[in-house]
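Please find one structure pasted underneath; my questions will follow.
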Amino acid sequence: QVQLVESGGGLVQAGGSLRLSCAFSGRIFTTYGMAWFRQAPGKERDFVGRIWGGGSTGYADPVKGRFTISRDNTKNLVYLQMNSLKPEDTAVYYCAANSGFPGDARSGYRYWGQGTQVTVSS
């Protein structure tokens with residue numbers, strides 16, 4: 001029973017910070033790649049950032065320098081630290097996972113959480 005559960009979403013003013021957490025269980029291993037995606041109403045689900053089992057990270061251009069993805073393998077947790085938030089960051093944020101070294105495509109991820117809402121006010 002694979003499960004990913006996001007938490008930490010909420011309402012924040014532009015320029016503020018928020019940290020999202022993703023707790024995973026079941027047959028998701030610490031060697032799996034993990035990622036964050038986001039989806040605004042009427043828009044497709046877009047890649048935000050990913051972290052591989054060894055800790056290597058990659059980010060989408062709109063969040064580079066503002067967001068940081070990290071993981072604590074001892075606790076089966078992945079984090080997304082979001083700083084300098086902008087109204088255009090408003091979306092439902094999803095955690096995703098797959099074996100190997102997945103990149104920025106939605107199709108590269110087999111397992112998904114249910115999402116957590118992030119709203120940034122101007």
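Keep in mind that this is a model prediction, so the values were computed, not measured.
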Look only at the side chain of Tyr94 and the backbone of Glu6, and say whether a donor-acceptor pair between them is shorter than 3.5 Å.
no
Working to the nearest 0.5 angstrom, can you tell me the gap between Met82 CE and Thr68 OG1?
11.0 Å
Could you tell me the separation between the CD atom of Gln3 and the SG atom of Cys95, rounded to the nearest 0.5 Å?
11.5 Å
Hydrophobic clusters here meaning ILVMFWY residues chained together by side-chain heavy-atom distances under 4.5 Å, can you tell me if Ile28 and Trp112 are in one?
no
Below 30° counts as parallel, above 60° as perpendicular, anything between as tilted: where do the rings of Phe67 and Tyr93 land?
tilted
Taking Met34 as the starting point, is it possible to reach Val2 by hopping between hydrophobic residues whose side chains are less than 4.5 Å apart?
yes
Mark yes when over 12 heavy atoms from residues, nucleotides or ligands other than Gln114 sit less than 6.0 Å from its CD; otherwise mark no.
no
Do the numbers put Arg106 on top of the ring of Phe37, so that NZ or CZ is under 6.0 Å from the six-membered ring centre and no more than 45° off the axis?
no
Is it true that a side-chain atom of Asn76 and a backbone atom of Ser25 form a donor plus acceptor pair closer than 3.5 Å?
no
Validate the cation-pi geometry between Arg19 and Tyr79: distance from NZ or CZ to the six-membered ring centre under 6.0 Å, angle to the ring axis within 45°.
yes
Using the rule that two of Ile, Leu, Val, Met, Phe, Trp, Tyr join whenever any of their side-chain heavy atoms come within less than 4.5 Å, decide whether Trp36 and Tyr111 are in one cluster.
yes
List the atom of Phe47, the atom of Gly103, and the distance in Å for their closest heavy-atom pair.
CE1-O, 3.6 Å
In terms of side-chain geometry, is the basic nitrogen of Lys86 or Asp89 positioned less than 4.0 Å from the acidic oxygen of its partner?
no
Arg38 and Val63: CA distance, side-chain angles, deciding distance, side-chain contact (heavy atoms from CB on, under 4.5 Å) verdict
CA-CA 12 Å; Arg38 65 187 183 185; Val63 307; 3.9 Å; yes
Euclidean distance, Gln117 CD relative to Leu20 CG, rounded to 0.5 Å:
10.5 Å
Joint cluster assignment, Val78 & Leu4, ILVMFWY side-chain distance < 4.5 Å:
yes
With the 4.5 Å side-chain cut-off for hydrophobic clustering, are Phe29 and Phe24 part of the same group?
yes
Looking only at non-hydrogen atoms, find the nearest pair between Ser122 and Ala14 and report the distance.
CA-CB, 4.3 Å
For the pair Arg110 (side chain) and Ser99 (backbone), establish whether a donor and an acceptor sit closer than 3.5 Å, ignoring hydrogens and angles.
no
May I have the list of side-chain donor-acceptor pairs in residues 48-56 shorter than 3.5 Å, sequence neighbours left out?
from, atom 1, to, atom 2, distance (Å)
Arg50, NH1, Ser56, O, 3.0
Arg50, NH1, Thr57, O, 3.4
Trp52, NE1, Pro102, O, 2.9

Any chance you could pull the hydrophobic cluster mates of Val5, using side-chain heavy atoms under 4.5 angstrom and chaining through other members?
none
Nearest non-hydrogen partners of Asn83 and Ser17, listed with the distance:
OD1-OG, 2.9 Å
